[in-house]
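Computed from a predicted structure; not experimentally measured. Atom set for the values below is all heavy atoms of this structure, side chains included, hydrogens, waters and symmetry mates excluded.
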Amino acid sequence: MIKFLNTLTHRIEDFHPITQGEVRMYTCGPTVYSYAHIGNFRTFLFEDLLRRFLKFSGLRLTQVMNITDVDDKTIRDSKAAGQSLRDFTEKYTEAFFSDIATLGAERAEIYPRATDHIDEMVTLIKKLLESGHAYEKDSSIYYRIKSFPSYGRLSGINPDDLQDGISSDVDEYEKESPKDFALWKTAKEGEPFWETEIGPGRPGWHIECSAMSMKYLGESFDIHTGGVDNIFPHHENEIAQSEAVAGKPFVKYWLHCQHLIVEGEKMSKSKGNFFTLRDLLADGVDPMAIRYLLLSVHYRQMMNFTRNGLEGAASSLRRLTDFLRSIRDTTFVEKNTGDLSPVIKEARRRFIDAMESDLNSSGALGAIFELVRDVNTALQRDGVTRVEAAQIESLFSDFNRVFGVLVPPKTVDDQDILQLIEERKGARARRDWKRADEIREKLQRLGIILEDAAKGTRFKRV
RNA sequence: GGCGGCGUAGCCAAGUGGUAAGGCAGAGGUCUGCAAAACCUCUAUGCAUCGGUUCAAAUCCGAUCGCCGCCUCCA
């Protein structure tokens, strides 16, 4: 049974999709005004892990991830760049797709752009105006929080307790209550706007997610995710908007990913610890090590992203890939002293149990690594049978369907490397260790590690 | 001020009542021409501190200390 901690109830709950066998999920996507940073990717990869595990569990899945391509920041920065909003956001949208592909994330079914759904948003706003949940003030339109009694349920915030800080009202527009939020912002000089039935202007941030999620997933759907910072006000506002229109529960399970810090400090541009994927790749970091590291810590746990951790993740990953290779390279035995089948079965059970427990990825990895040790021990002692090897391959294949951290080894059989290995083989046969070591060292300088195994010499890149 | 989270070895981290998973790093050993990989052994009588409940607590309760988040359209 899959269980999730539901932000809405603060409880671990059994997961029962609204329609049996089918999951409809909305994951808050990027605001495309710059390259996404490592913290953003933690959330996106958490969503990818969730996506993969739901599918692995046999559920049919429709995932929608929005692209926010109009808001204060995209407008501000496109202006600064001297580009149209569309051209500007297109650049970062493409960068986003390219980055998540590098990190091995599967594609969602639908990636709706906010600017392609202005009509849907206008329709919602009109309904909110008609029902008295929204009001117009100086040509902008606001949501009246007082009109929605359960406002604050998700975040546990009582609107009356909110500090009326000066900064909470950054808009110069007038509102009935400072806590009310903008659904529609009237057109301003020099800013993009849409000519609509509710006047010229642009949407507020929250309404896009209500409009697009309901359009593609229906008025009630199963899962909605995002970073913890979205709980309030973004997701709270989405609930208020959507339920006021539909009159039924908006989302059944809310899942929120905790933030990360970098080298023990909150990530910020001024501290210089603000990493994009490109920064890390330029530093020679393996994207799969980043993926592994980000997935290895439970998603609700604050994680500390460090250089040290990245190196550790790369080593852990290498242990897994080396293990798989030794399974593939080994000569099977007919019979061995210990039957591995129950061990493999137990590892699979523990892996799935952990993942079903609110995506306990650390526990799941623990199960995999224990199997690795047990099988390596068997390999050392006896060897494995063909049947056992097939069971291990099958488990690892399932593991990788969920984690997606093992990439097939590059099959670039570099002719020069093979030739040098062949030459070294001859040298070793002649017991010409000097020449053999020269070749090893030469290749090592090129990042090629030679390993002399029972079945001959093999190489890997570091 | 309001709401919430966290504190487990050098580092990362699982474990929410039954006697401390796992990974990385480190030390010693086995194997190997050397090396790598792998394996074996070692590395927390203890889970921030102090009390309490219990036959039994890292796990439940209370207090204290420390760190952090949200309440600002930052994942």
Compare the aromatic ring of A:His259 with the six-membered base ring of B:A75 and state whether they stack according to the 5.5 Å and 30° rule.
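Per 5.5 Å and 30° rule: yes, stacked.
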Considering just the side-chain nitrogens and oxygens of A:Thr377, establish if one lies under 4.0 Å of OP1 or OP2 belonging to B:C40.
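Yes, because at least one side-chain N or O of A:Thr377 sits under 4.0 Å from OP1 or OP2 of B:C40.
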N/O (side chain, A:Asn376) to phosphate O (OP1/OP2, B:C39) under 4.0 Å:
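Result: yes.
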Complementary nucleotide of [N], counting Watson-Crick and G-U pairs under 3.5 Å:
N     : result
B:A25 : none
B:G66 : B:C6
B:U45 : none
B:U53 : none
B:U72 : none
B:U59 : none
B:A35 : none

Nucleotide [N], atom [atom2] - distance to [atom1] of [X] in whole Å:
X        : N     : atom1 : atom2 : answer
A:Arg373 : B:C24 : CZ    : P     : 12 Å
A:Arg350 : B:G22 : CZ    : P     : 8 Å
A:Lys179 : B:C3  : NZ    : C1'   : 15 Å
A:Glu263 : B:C11 : CD    : P     : 13 Å
A:Gln301 : B:C6  : CD    : P     : 8 Å
A:Leu294 : B:A75 : CG    : C1'   : 12 Å
A:Ile231 : B:C3  : CD1   : C1'   : 11 Å
A:Phe232 : B:C74 : CZ    : P     : 14 Å

Give a yes or no on this: more than 12 heavy atoms of other residues, nucleotides or ligands lie within 6.0 Å of atom CZ of A:Phe274.
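Counting neighbours around CZ of A:Phe274, more than 12 heavy atoms of other residues, nucleotides or ligands fall under 6.0 Å, so yes.
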Taking atom types as they are modelled, is there a donor-acceptor pair under 3.5 Å from the base of [N] to the side chain of [X]?
X        : N     : answer
A:Asn360 : B:G15 : no
A:Gln380 : B:A38 : yes
A:Arg319 : B:C24 : no
A:Arg440 : B:A35 : yes
A:Asn304 : B:C12 : no
A:Ser362 : B:A14 : no

Within the structure shown, what part of the strands sits under 4.0 Å from [X] by heavy-atom distance: base, sugar-phosphate, or nothing?
X        : answer
A:Leu293 : nothing
A:Asp452 : base
A:Gly227 : sugar-phosphate
A:His10  : nothing
A:Glu370 : sugar-phosphate
A:Gly309 : nothing
A:Leu379 : nothing

Between [options], which nucleotide gets closest to the side-chain atoms of [X]?
X        : options             : result
A:Val297 : B:C40, B:A75, B:C12 : B:C12
A:Ala436 : B:A75, B:G33, B:A35 : B:G33
A:Ser316 : B:C34, B:C24, B:C74 : B:C24

Test the A:Arg107-A:Phe97 pair against the cation-pi criterion, namely NZ or CZ under 6.0 angstrom from the six-membered ring centroid and within 45° of the ring axis.
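Relative to the ring axis of A:Phe97, which defines the angle, A:Arg107 lies inside both limits.
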Are [X] and [Y] linked by a side-chain donor-acceptor pair shorter than 3.5 Å?
X        : Y        : result
A:Asp71  : A:Thr74  : yes
A:Asp374 : A:Thr377 : no
A:Asp358 : A:Tyr299 : yes

Write down the distance separating the [atom1] atoms in [N] and [M], rounded off to the nearest Å.
N     : M     : atom1 : value
B:C65 : B:A56 : C1'   : 28 Å
B:G7  : B:C12 : P     : 12 Å
B:U59 : B:U16 : P     : 12 Å

Would A:Arg349 and A:Asp353 pass as an ion pair if we require N to O under 4.0 Å?
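Salt bridge present between A:Arg349 and A:Asp353.
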Reading RNA chain B from 5' onward, which residue's closest nucleotide shows up sooner: A:Thr306 or A:Met302?
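The residue whose closest nucleotide sits nearer the 5' end is A:Thr306.
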Ignoring hydrogens and angles, tell me if any N or O in the side chain of A:Asn66 forms a donor-acceptor pair with the backbone of A:Cys209 under 3.5 Å.
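Not at all, since once roles are kept as given, no pair shorter than 3.5 Å links the two residues.
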So, A:Ser361 side chain and A:Leu295 main chain: donor-acceptor pair closer than 3.5 Å or not?
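Judged by distance alone, yes, a pair lies under 3.5 Å.
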Residues from residues 422-434 of chain A sitting under 4.0 Å of RNA chain B, heavy atoms only?
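Residues of residues 422-434 of chain A under 4.0 Å from RNA chain B: A:Arg424, A:Arg428, A:Trp433.
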